[in-house]
Amino acid sequence: MDAETSAFNEMIHAPHRLRICAMLSAAHKVEFQHLQDHLGLSKSALSKHLTQLADAGYVRQDRATRDLRSRVWLSLTPEGARAYSAHVRALRQIVAADGS
């Protein structure tokens, strides 16, 4: 898929996963706790969505210890960034075709 291809993506389209991808696309890395706080999801719900995105190859998780606390940092993979951008373009085309 080239940089200008539009493709509706069922994996990304689910509301929470779309918001996760939007946050990750706006930053190089986002800490799990920050993402959880911003989205208002439980740890288990967020983990479930992240696992689905990671299994699709869209999200990468890196673990690091800081201040004696283990932290998980999340980022979009190059494939995830391309899929998210293509999905956003597809949504824009759908809205534009509506003519409203």
Undergrad: Compare every heavy atom of G57 with every heavy atom of T77, then report the nearest pair and how far apart it is.
TA: OG1-O, 2.5 Å
Undergrad: Could you tell me the separation between the CD atom of Q93 and the CZ atom of F8, rounded to the nearest 0.5 Å?
TA: 12.5 Å
Undergrad: CZ of F32 to CG of L74: how many Å apart, nearest 0.5 Å?
TA: 7.5 Å
Undergrad: Begin with the C-alpha distance, continue with both residues' side-chain angles, and end with the deciding distance and a verdict on side-chain contact (heavy atoms from CB on, under 4.5 Å) for L39 and I20.
TA: CA-CA 8 Å; L39 297 175; I20 290 166; 3.5 Å; yes
Undergrad: Quick one: closest heavy-atom pair of A56 and E79, and the distance?
TA: O-OE2, 3.8 Å
Undergrad: Spell out, yes or no, whether L41 and L18 are grouped together once hydrophobic residues are joined by side-chain heavy atoms under 4.5 Å, including indirect joins.
TA: yes
Undergrad: Which distance, rounded to the nearest 0.5 Å, do you find between the CG of L53 and the CG of L76?
TA: 8.5 Å
Undergrad: Less than 4.5 Å apart, side chain to side chain, heavy atoms only: is that true for H34 and M23?
TA: yes
Undergrad: I'd like to check the side chain to side chain donor-acceptor pair (under 3.5 Å) partners of H13; sequence neighbours left out, ordered by chain and number.
TA: H87
Undergrad: Please walk me through it: do R69 and Q33 pass side-chain contact (heavy atoms from CB on, under 4.5 Å)?
TA: CA-CA 12 Å; R69 191 173 140 220; Q33 186 64 52; 4.3 Å; yes
Undergrad: How many angstroms lie between CG in L35 and CG in L50, if you round to the nearest 0.5 Å?
TA: 6.0 Å
Undergrad: Say whether, by atom type as modelled, one donor and one acceptor occur between the side chain of T65 and the main chain of S70 under 3.5 angstrom.
TA: no
Undergrad: Say whether W73 and Y84 are linked into one hydrophobic cluster, either directly or through other cluster members, by side-chain heavy-atom distances under 4.5 angstrom.
TA: no
Undergrad: With sequence neighbours excluded, tell me which residues meet side chain to side chain contact (heavy atoms under 4.5 Å, CB included) with S42.
TA: S44, A45
Undergrad: What residues, two or more places apart in sequence or in another chain, satisfy side chain to side chain donor-acceptor pair (under 3.5 Å) together with E31?
TA: R71
Undergrad: Say you draw a straight line from OG of S85 to CG of N9; how long is it, rounded to the nearest 0.5 Å?
TA: 11.5 Å
Undergrad: With H49, which of H16, R17, R19 fulfils side chain to side chain donor-acceptor pair (under 3.5 Å)?
TA: R17
